[in-house]
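A short write-up of the structure that comes next.
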Amino acid sequence: MLSIKNLHVAINGREIIKGLDLEIHAGEVHAIMGPNGTGKSTLAGVIAGREGIYDITEGEITYKGKNLLDLPIEDRAREGIFLGFQYPVEIPGVSITNFMRTAVNEIRQYKGLPQISAGDFLKKMEEAKKLVGIQSKLTNRSVNEGFSGGEKKKNEIFQMAMLQPELAILDETDSGLDIDALKIVANGVTALRSDENATIVITHYQRLLDFIVPDFVHVLFEGKIVKTGGKELALELEAKGYDWLKSEV
Amino acid sequence: MEKDGNTILDEVTKSEYKYGFYTDIEMDMAPKGLNEDIIRFISAKKNEPDWMLEFRLKAYRYWLTIKEPNWAHLHHPAINYNEIIFYAAPKKKKQLAGLDEVDPELLDTFKKLGISLEEQKRLSGVAVDAVIDSVSVKTTFTDTLSKLGIIFCSFSEAVQNHPDLVKQYIGSVVPYTDNYFAALNSAVFTDGSFCYIPKGVRCPVELSTYFRINAANTGQFERTLIVGDEGSYVSYMEGCTAPQRDENQLHAAIVEIVAMKDAEIKYSTVQNWYPGNAKGEGGIYNFVTKRGMCRGAASKISWTQVETGSAITWKYPSCILMGDHSVGEFYSVAVTNNYQQADTGSKMIHLGKNTKSTIISKGISAGHSSNSYRGLVRMTRRAENSRNFSQCDSLLLGDKCGAHTFPYIQTENKSSIVEHEATTSKISDDQLFYCQQRGISAESAIGLIVNGYAKEVLKQLPMEFAVEAQKLLSISLEGSVG
């Protein structure tokens, strides 16, 4: 589904990602771990197509057989890429309902489908809300405005449930969550797992991976994936920290 | 694939004015220029009584003695008043009895605008007094309204049929000595609307007027007078679209509102005059004096405006809060794009005790435009325990536009409270990225964000207008990304 080969990315002339390779297939969950500043969020931003920050100096990314780097941000999203933001931004005055209806319809238009009916949309909303346990009235509020940290993250997973992406990238979705909120978020992600879609979970801590069990764990260190293993690698990292990896680089 | 903000901005702002067509109707015109003979011509055309002609001549003579104001944050070439045609009216074939008798070309024009009279009449329950250029073409719902004693007609008809009311209130809120453009309007106004709501009557429908400038080189000078007698209520809507022209056109209107004791008047405008092209050529010069007088105790006047058009906007809908406990409100969204310039805001003059006013102004600037808020809040010595709250927000799209805020606050008593809040923000890259990452195009994202930003004002509009206003905001800013 997603294939990254020899990716080099610089920000303001400073190389952050230094030759990264990653293969992701449908049905898989990949966890990317690593200390601060090693390029985890940069990788997420590059896949989503954020403009004006990243300078891709080398390498290629193909997604469902297409050159991903040729696609504008919104087309990547319409092709099924979803980014769960680490710091979801506030959009004052725009209700979640309105925001989601616009998103769903623009994606449908891209796929040549008619606009969603009001009835179907509401049904979809109800299901998605139930999945992440958010209250009905939350969707009448402006996107992320005045939301608590937990509400923001739940809102990200709610949107993921609404858009049903093929490739979801969750960037530090666990940061700022208490254990109950973490469980709700993780259960939502797990419920959305299927053979057709894939998930990349970016996290600092092993904790989240107790609930979203990954097929692969990659350690990103100084812009490269230095170690790949199964879910037990996460436990090892939790116990030993990242320092021991330095000797292996 | 890599687009910087300005490239996208350019693309978005390239959308052409969507109402750029004009109706080919035989005109009945005055010669170019302005002198006492022209004023007599206008007055004679309209069969006016002597007092009306005298009013015009006094205003004209006063106008000759004063100069165009230059304090606004606006730049434009000098207006040559001798090149303007001050009177143009579609030639009437006969008195119109029904819609089928309205000139088919006019009906077609309305259809292009999406405001066909039949549709308005059938679907929305809105009484429309449609004004093309200067003469009212057709007034609907007059029968329903007249049963309640409500008078809603063109200004010219009011002068003929209700001269006492007109004489009593004309110039009582905006005297011809008020300012340069008010004096000009008072001298040459051609038509407009008149509305009177009698004591204790709640007007059951939203009253609406569409103004439209239609002939090249024709200045248009509307005059609207709304009087709400004791305990009455009315919601009045005015909407404007103008066809595309290369020459600049002058528009200098006056709106006067009088609210007696316990009366409430809501006045909403969606203004979409031709703003000029992307290079800043053409477009309407809009110099408008709008003022309401809360004459009686506990009366209320509320202005809501959505301004997307005009090359130049000079407009300060104001309230004079004379009655004790009276309330004045001003809600505004002003959008400027390309080379548009807007200097707009409000004045709240507190004269009565315990009076209250609110100003919510949302400026949105894109392209090379300039968008200024100018507002005066004055608490006079008598206006004890009065309150004002002002909030002036500016949203910038791109880095070549300007937003300015000029608040003037004068308090002459110690018991009143005046609050002023102001913010300036940009549509952030983070917001755009967030929307685009959900599959929403940059253009739709801007539409969403801008409408969200303006929501506080848009929700003040009557439903029919709110929908139109939302579309207009998106159309006027298509593609602006900063």
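Side chains included, hydrogens not; waters and symmetry mates left out as well; all remaining heavy atoms used. Order of the sequence lines sets the chain letters (A, B, ...), proteins ahead of strands, with each chain counted from 1.
- Taking every heavy atom of both residues into account, A:Glu74 and B:Ala442 meet most closely at OE2-N, 3.9 Å.
- Using a 30° and 60° split on the angle between ring planes, B:Tyr434 and A:Phe99 fall in the parallel class, below 30°.
- Looking at A:Val143, only its side chain comes within 4.5 Å of chain B, counting heavy atoms on both sides.
- Remark: A:Asn67 CG is packed, more than 12 non-hydrogen atoms of other residues, nucleotides or ligands lying under 6.0 Å away.
- Heavy atoms closer than 4.5 Å to chain B are found in the side chain of A:Asn144, but not in its backbone.
- Only the backbone of A:Glu90 comes within less than 4.5 Å of a heavy atom of chain B; no side-chain atom from C-beta onward does.
- Contacts between B:Tyr453 and chain A at a heavy-atom distance below 4.5 Å involve the backbone alone (N, CA, C, O).
- Taken from CD in B:Gln437 to CG in A:Leu163, the straight-line distance is 8.5 Å, to the nearest 0.5 Å.
- Between the CD1 atom in A:Ile53 and the CG atom in B:Asp429 there is a gap of 7.5 Å [rounded to 0.5 Å].
- Residue B:Cys435 forms a side-chain contact (heavy atoms from CB on, under 4.5 Å) with just one option from A:Ile73, A:Ile91, A:Val89, and that option is A:Ile91.
- Considering all non-hydrogen atoms of both residues, B:Gly439 and A:Ala77 come closest at N-CB, 3.3 Å.
- Residue contact with chain B, scored on non-hydrogen atoms closer than 4.5 Å, involves the backbone and the side chain of A:Ile81 alike.
- When the shell of 6.0 Å around CZ of A:Arg141 is examined, it contains more than 12 heavy atoms from other residues, nucleotides or ligands.
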Between B:Arg438 and A:Thr102, is a side-chain contact (heavy atoms from CB on, under 4.5 Å) present by the stated rule, with each step listed?
CA-CA 9 Å; B:Arg438 298 303 185 243; A:Thr102 308; over 6 Å; no

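- Shown here is A:Lys123, whose NZ atom has no more than 12 heavy atoms of other residues, nucleotides or ligands within 6.0 Å.
- Between B:Leu448 and A:Val94, the closest heavy-atom pair is O-CG2, 3.2 Å.
- Both the backbone and the side chain of A:Leu83 come within less than 4.5 Å of a heavy atom of chain B.
- Contact of the B:Asp430 side chain with the A:Arg50 side chain is registered, since non-hydrogen atoms from C-beta on lie closer than 4.5 Å.
- Residue contact with chain B, scored on non-hydrogen atoms closer than 4.5 Å, is absent for A:Pro165.
- Across B:Phe433 and A:Ala48, no two heavy atoms sit closer than the pair CZ-CB, 3.8 Å.
- In this structure, the side-chain hydrogen bond (donor to acceptor under 3.5 Å, both in side chains) partners of B:Ser369, at least two apart in sequence or on a different chain, are B:Thr336.
- Within 6.0 Å of NZ in B:Lys356 there are 12 or fewer heavy atoms belonging to other residues, nucleotides or ligands.
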